[in-house]
Amino acid sequence: MISTNDIRRSFLDYFAANGHEAVASAPLVPHNDPTLMFVNAGMVPFKNVFTGLETRPYQRATSSQKCVRAGGKHNDLDNVGYTARHHTFFEMLGNFSFGDYFKEQAIHHAWTLLTREWKLPVERLTVTVYHTDDEAAALWRKIAGLPEERIVRIATSDNFWSMGDTGPCGPCSEIFFDHGDHIAGGPPGSPDEDGDRFVEIWNLVFMQFDQRADGERVDLPRPSIDTGMGLERIAAALQGVHDNYDTDTFRTLVGASENVIGVPAQGAQRASHRVIADHLRSTSFLLADGVLPSNEGRGYVLRRIMRRAMRHAHLLGAAEPVMHRLVPTLVDEMGNAYPELTRAQALIEEVLEREEVQFRRTLANGLKLLDEATTGLSAGESLPGDVAFRLYDTYGFPYDLTEDALRERGIGVDRAGFDAAMAEQKAAARAAWKGSGEASDSEVWFDIAESEGASEFTGYAALEGEGRVVALVDAQGARIEAAREGDRVSVVTNQTPL
């Protein structure tokens with residue numbers, strides 16, 4: 001059986017042998033896109049190359065990019081452990097052309113790698129194209145010899161990619177693998193397409209248009225290629241399993257979790273071990289890339305992922321902190337491909353142990369109070385929001401943990417009531433602060449912090465970066481919408497290395 005490490009290596013080797021520069025994964029904290037919390041796709045580090053803001057000494061590249069989806073628009077956190085393909089951390093294999101080759105070579109490379117190098121059965125592959133992309137459909141017939149019924153035309157945005165409301169965009173061609181008729185589901189475009197039988201393994205984006213602000217779409221002078229293949233998904237296909245968690249890397253991590261905790265990954269316990277394995281990867285890689293647990297921004301998301309894994313270890317009956325004891329297994333599995341993981345091993349273990357010791361105290365107190373607060377509540381009912389807020393504010397028990405703990409009992413949480421209690425507390429804190437005699441012109445900073453959140457410090461990971469301007473304050477301490485040349489203003493950004 002080909003290992004996940006071998007698949008990653010052979011992908012990069014194939015494209016390097018075909019004129020692509022093998023580029024190391026960028027850190028998970030994006031320094032070229034302040035609108036993103038984490039890098040969530042393989043093309044993110046190349047975004048400025050595609051838009052023309054940056055040039056590289058190569059026109060073709062390939063990479064295995066670390067990605068996290070656990071906050072904002074792309075948030076898979078609550079599904080992890082309970083489905084076959086949801087992860088907070090995943091690797092995206094990709095090949096990129098910056099104005100060099102286009103559709104024909106992209107399709108040729110994809111088909112050659114999948115069917116000749118990796119020898120996936122041709123009869124188990126189906127492709128989609130954007131419904132008006134006759135060129136791509138013709139190329140799939142010519143290069144792959146696929147019949148019409150296995151070249152599915154899709155008219156929705158699923159097969160048309162754009163970088164934003166304006167800028168580079170273009171049609172996509174997705175490649176699906178058929179895991180077999182013993183699994184429910186139909187091919188893409190069918191009424192049963194949401195089943196698990198046909199799984200997308202590779203997306204080829206043909207970046208050929210520029211979307212203008214006035215609605216006009218014009219041809220790009222140098223069409224480009226951006227592809228993305230989930231390593232976990234292709235590993236499942238090549239290893240003959242349907243579930244990503246049955247691939248070699250996850251089997252090893254789940255096995256380590258079983259050995260440390262002493263509970264087999266069977267029945268109801270299986271999901272908990274999977275959560276621990278997945279979250280071990282995301283927390284370790286985030287720590288290796290300079291993110292530290294905190295109560296705001298990226299650090300809060302990291303802490304939330306950590307605590308979800310630690311709660312599942314508690315559910316499995318772990319009497320002592322366990323997450324830090326699993327790090328050596330992860331480093332053995334992935335350290336060769338990502339040396340930053342090996343370099344940061346001691347830090348990762350230290351932070352995980354410290355956080356789990358602290359969390360266990362919070363958990364013990366919070367669960368006891370939660371049991372008392374839900375006495376008399378049955379499935380279908382909700383915990384009052386002010387009670388959830390008191391658990392958070394007084395005892396440090398996070399809202400999402402309250403929600404997670406009660407979900408197993410079918411009890412909801414009154415989110416609106418929680419938010420109202422939070423707003424009431426903020427108003428009280430603000431009134432108390434005003435009454436303290438602080439300078440009135442400092443109130444603007446309170447307003448900005450309340451409306452925009454704190455500026456995130458990124459200087460632990462890089463000395464340069466990009467930030468989104470969230471506020472301007474003039475010399476008199478007033479918030480303004482714009483500044484002219486010569487004005488003296490303070491600029492507030494959402495993130496800064498300063």
Inset, instruction - Give me the one residue out of Glu232, Arg85, His87 that meets side-chain hydrogen bond (donor to acceptor under 3.5 Å, both in side chains) with Asn244. - result: His87
Inset, instruction - May I ask you to check whether over 12 heavy atoms, not counting those of Asp393, lie within 6.0 Å of atom CG? - result: yes
Legend entry - Any donor-acceptor pair under 3.5 Å from Ser25 side chain to Lys66 backbone: yes
Inset, instruction - Using modelled atom types only, decide if a donor and an acceptor are shared between the side chain of Glu193 and the backbone of Gly189 within a distance under 3.5 Å. - result: yes
Legend entry - Thr375 side chain to Asp371 backbone, donor-acceptor under 3.5 Å: yes
Inset, instruction - Report yes if some heavy atom in the side chain of Asn5 is under 4.5 Å from a heavy atom in the side chain of Asn336; otherwise report no. - result: no
Legend entry - Residue list, side chain to side chain contact (heavy atoms under 4.5 Å, CB included) with Ile411, at least two apart or on another chain: Leu377, Leu406, Arg409
Legend entry - Test item: Glu353 and Glu349 side chains (from C-beta on) under 4.5 Å apart, heavy atoms: no
Pair up each side-chain donor or acceptor in residues 118-126 with any protein partner under 3.5 Å, not counting sequence neighbours, and list the distances.
residue	atom	partner	partner atom	Å
Trp118	NE1	Ser10	OG	3.0
Lys119	NZ	Arg116	O	3.2
Arg124	NE	Asp178	O	2.9
Arg124	NH2	Asp178	O	3.1
Arg124	NH2	His179	O	3.4

Legend entry - Distance, nearest 0.5 Å, that separates CD1 of Ile183 from CZ of Arg197: 8.5 Å
Inset, instruction - For atom CD of Glu320, decide whether the heavy atoms of other residues, nucleotides or ligands shown that lie under 6.0 angstrom number more than 12. - result: no
Inset, instruction - Taking Thr62 for its side chain and Gly94 for its backbone only, find out whether a donor-acceptor pair lies under 3.5 Å. - result: yes
Inset, instruction - List in chain and number order the residues that pass ring-ring contact (aromatic ring centres under 6.0 Å, His included) with His109, two or more places apart in sequence or in another chain; answer none if no residue qualifies. - result: Tyr14, Phe15, His20, Tyr101
Legend entry - Side-chain heavy atoms of Met306 within contact of Leu287, under 4.5 Å: yes
Legend entry - Within the 6.0 Å centroid threshold, strictly below: His242 and Phe177: no
Inset, instruction - Using atom types as modelled and distance alone, determine if a side-chain donor or acceptor of Glu356 lies under 3.5 Å from a backbone N or O of Val322. - result: yes
Legend entry - Donor-acceptor contact below 3.5 Å, side chain His273 vs main chain Leu316: no
Legend entry - Any donor-acceptor N/O pair, Arg69 side chain to Asn40 backbone, under 3.5 Å: yes
Legend entry - Within-4.5 Å side-chain heavy-atom neighbours: Thr83 and Asp196: no
Inset, instruction - Compare all side-chain heavy atoms of Trp202 with those of Leu113 and state whether any distance is below 4.5 angstrom. - result: yes
Legend entry - Main-chain N/O of Thr128 paired to Ser173 side chain as donor or acceptor, under 3.5 Å: yes
Inset, instruction - Using a cut-off of 6.0 Å, state whether more than 12 heavy atoms not belonging to Arg251 lie near its atom CZ. - result: yes
Inset, instruction - Using a 4.5 Å cut-off on heavy atoms from C-beta on, say whether the side chain of Leu370 contacts that of Leu383. - result: yes
Inset, instruction - Assign the ring pair Tyr399 / Phe418 to parallel, tilted or perpendicular, where the plane angle (0 to 90°) is split at 30° and 60°. - result: tilted
Legend entry - Passing option when Arg303 is tested against Asn295, Leu292, Val291, Thr283 for side chain to side chain contact (heavy atoms under 4.5 Å, CB included): Asn295
Inset, instruction - May I ask you to decide whether Arg9 forms a salt bridge with Asp6, counting only side-chain N to carboxylate O separations under 4.0 Å? - result: yes
Legend entry - Side chains of Met422 and Phe389 in contact at under 4.5 Å (non-hydrogen atoms): yes
Inset, instruction - Return yes if some donor-acceptor pair links the side-chain N/O of Thr227 with the main-chain N/O of Asn95 below 3.5 Å, else return no. - result: yes
Legend entry - Residues Arg298 and Asp289 bridged, charged N to O under 4.0 Å: no
Legend entry - Contact check, side chains of Glu91 and Phe285, non-hydrogen atoms, under 4.5 Å: no
Inset, instruction - Answer yes or no: are there more than 12 heavy-atom neighbours, outside Tyr392 itself, under 6.0 Å from its atom OH? - result: no
Legend entry - Evaluation steps, side chain to side chain contact (heavy atoms under 4.5 Å, CB included), between Leu363 and Leu401: CA-CA 9 Å; Leu363 188 63; Leu401 197 59; 4.0 Å; yes
